[in-house]
Number of protein chains: 2
Amino acid sequence: MRAEALKGHLDGLILATLANRPAHGYAIAQTLRERSDGAFDLPEGTLYPALHRLERAGLISSEWSTEAGRRRRTYSLTRSGGRALGERRHEWKLFATAVEAVLA
Amino acid sequence: MRAEALKGHLDGLILATLANRPAHGYAIAQTLRERSDGAFDLPEGTLYPALHRLERAGLISSEWSTEAGRRRRTYSLTRSGGRALGERRHEWKLFATAVEAVLA
DNA sequence: AATCTATACATCGTATTGCTATGTGTCAAG
DNA sequence: CTTGACACATAGCAATACGATGTATAGATT
């Protein structure tokens, strides 16, 4: 997968992952890898800045916790993030339809 | 349509447009707008640099001509560009499938 | 005991890329 | 003679994914 393909779509994927339940960064990466059947295997330098960006934007919120000696930052979708996810899903449909109309 | 959504996918769209027949920049923009039902309305600052980029990469080639006083640069898909288009189409399928598996 | 692997987070610097704004110039319509 | 469509070009900007690197704990392996 070329790096640029993901640009502009990562935020929606992260929000969608958090829509089911809150999760910490590492778990988000695992879920994304599983749900995408290995297609999305995010390096740390991609994931953590994206999470910080989403939190700055108010779409997710975080809380520190410690479990078995490991510190975790657990992220949850905010109400605003839920709305944003809806928009992203809608936008994706429009985008995918348009791309397929051209590529086909 | 958010600007970042297109990133990394524009090249494939341009290549696909040229797969039918050679065309000049302005015509490519028109075709893209029509085929995408208005979703892709490329500003010049997006289209022309992209064409130069594709030509530098050897995926398209160009020729100057003049028609009715207007100079045109007509672009054609190269053999290498044809192969690249195939790859992009394949990559798109993988990408779209993965995104839908996560967003759904 | 030492090393490796997985877990877990963080950030600096870089490359890529699409867009805005601006500039050049032709031609037809009003 | 001004507006709009046609036609191309580029400088500067903003956004973002990634590679590399660093910190730290826990369990398994050697």
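Chain identifiers are assigned alphabetically (A, B, ...) following the order of the sequence lines, protein sequences preceding nucleic acid strands; residue numbering begins at 1 within each chain. Predicted model, so just to flag it, every value in this text is computed and none were measured.
How far CZ of Arg2(B) is from CG of Leu6(B): 11.5 Å, rounded to the nearest 0.5 Å. Here NE2 of His9(A) is found 11.0 Å from NZ of Lys7(B). Values are rounded to the nearest 0.5 Å. Summarising the geometry, atom CD1 belonging to Ile28(B) is positioned 12.5 Å from atom CZ belonging to Arg33(B); distances are rounded to the nearest 0.5 Å.
In terms of phosphate contacts, Tyr48(A) brings a side-chain nitrogen or oxygen within less than 4.0 Å of OP1 or OP2 of dC9(C). Within the structure, a side-chain polar atom (N or O) of Gln30(A) is placed less than 4.0 Å from OP1 or OP2 of dT7(C). Side-chain N/O atoms of His52(B) include one lying less than 4.0 angstrom from OP1 or OP2 on dT10(D).
Checking Arg53(B) against Pro49(A), the closest nucleotide of DNA chain C that is more toward the 5' end is the one next to Pro49(A). In terms of position along DNA chain C, the nucleotide closest to Glu67(A) lies nearer the 5' end than the nucleotide closest to the other residue of the pair Glu67(A) and Arg2(A). Map Tyr75(B) and Lys7(A) each onto its nearest nucleotide of DNA chain D; the residue landing nearer the 5' end is Tyr75(B).
Residue Leu10(B) places its side chain closer to dG18(C) than to any other of dG18(C), dC19(C), dC9(C). Of the candidates dT16(C), dA10(C), dA5(D), the closest approach to any side-chain atom of Arg70(B) belongs to dA5(D). Checking dA26(D), dA9(D), dC19(C) against every side-chain atom of Thr46(B), the shortest atom distance belongs to dC19(C). In this structure, of dC8(D), dA10(C), dA17(D), it is dA10(C) that holds the atom nearest to the side chain of Arg73(A). Looking at the side chain of His24(A), the nearest of the listed nucleotides dC9(C), dC6(D), dT11(C) is dC9(C).
As rounded to whole Å, 6 Å separates atom P of dT16(D) from atom CG of Asp11(A). Atom CG in Leu54(B) sits about 14 Å away from atom P in dT16(C), given to the nearest Å. In this structure, Tyr26(A) atom OH and dT23(D) atom C1' are separated by 15 Å, rounded to whole Å. As a whole-Å value, the separation of Leu47(A) CG from dC9(C) P is 8 Å. The distance between atom CH2 of Trp64(A) and atom C1' of dA8(C), rounded to the nearest whole Å, is 8 Å. Atom CE in Met1(A) sits about 17 Å away from atom C1' in dT16(D), given to the nearest Å. For the pair Leu42(A) CG and dA8(C) P, the computed distance is 16 Å after rounding to whole Å. Summarising the geometry, the separation between CD on Glu4(B) and C1' on dT20(C) is reported as 14 Å, rounded to the nearest angstrom.
At a threshold of 4.0 angstrom between heavy atoms, the contacts of Ala68(B) are confined to the sugar-phosphate backbone, with no base atom among them. Residue-level contact check: Gly45(A) touches the bases, meaning some heavy atom is under 4.0 Å from a base atom. Among the heavy atoms of the strands lying under 4.0 Å from Arg72(B) are primed sugar atoms or P, OP1, OP2 only; no base atom is included.
For the residue pair Arg71(A) and Thr66(A), no side-chain donor N or O sits within less than 3.5 Å of a side-chain acceptor on the partner. No side-chain N or O of Ser65(B) forms a donor-acceptor pair with one of Arg72(B) less than 3.5 Å apart.
When each of Ser61(B), Pro22(B), Ser62(B) is tested with Thr74(B) by the rule side chain to side chain contact (heavy atoms under 4.5 Å, CB included), just one qualifies, namely Pro22(B).
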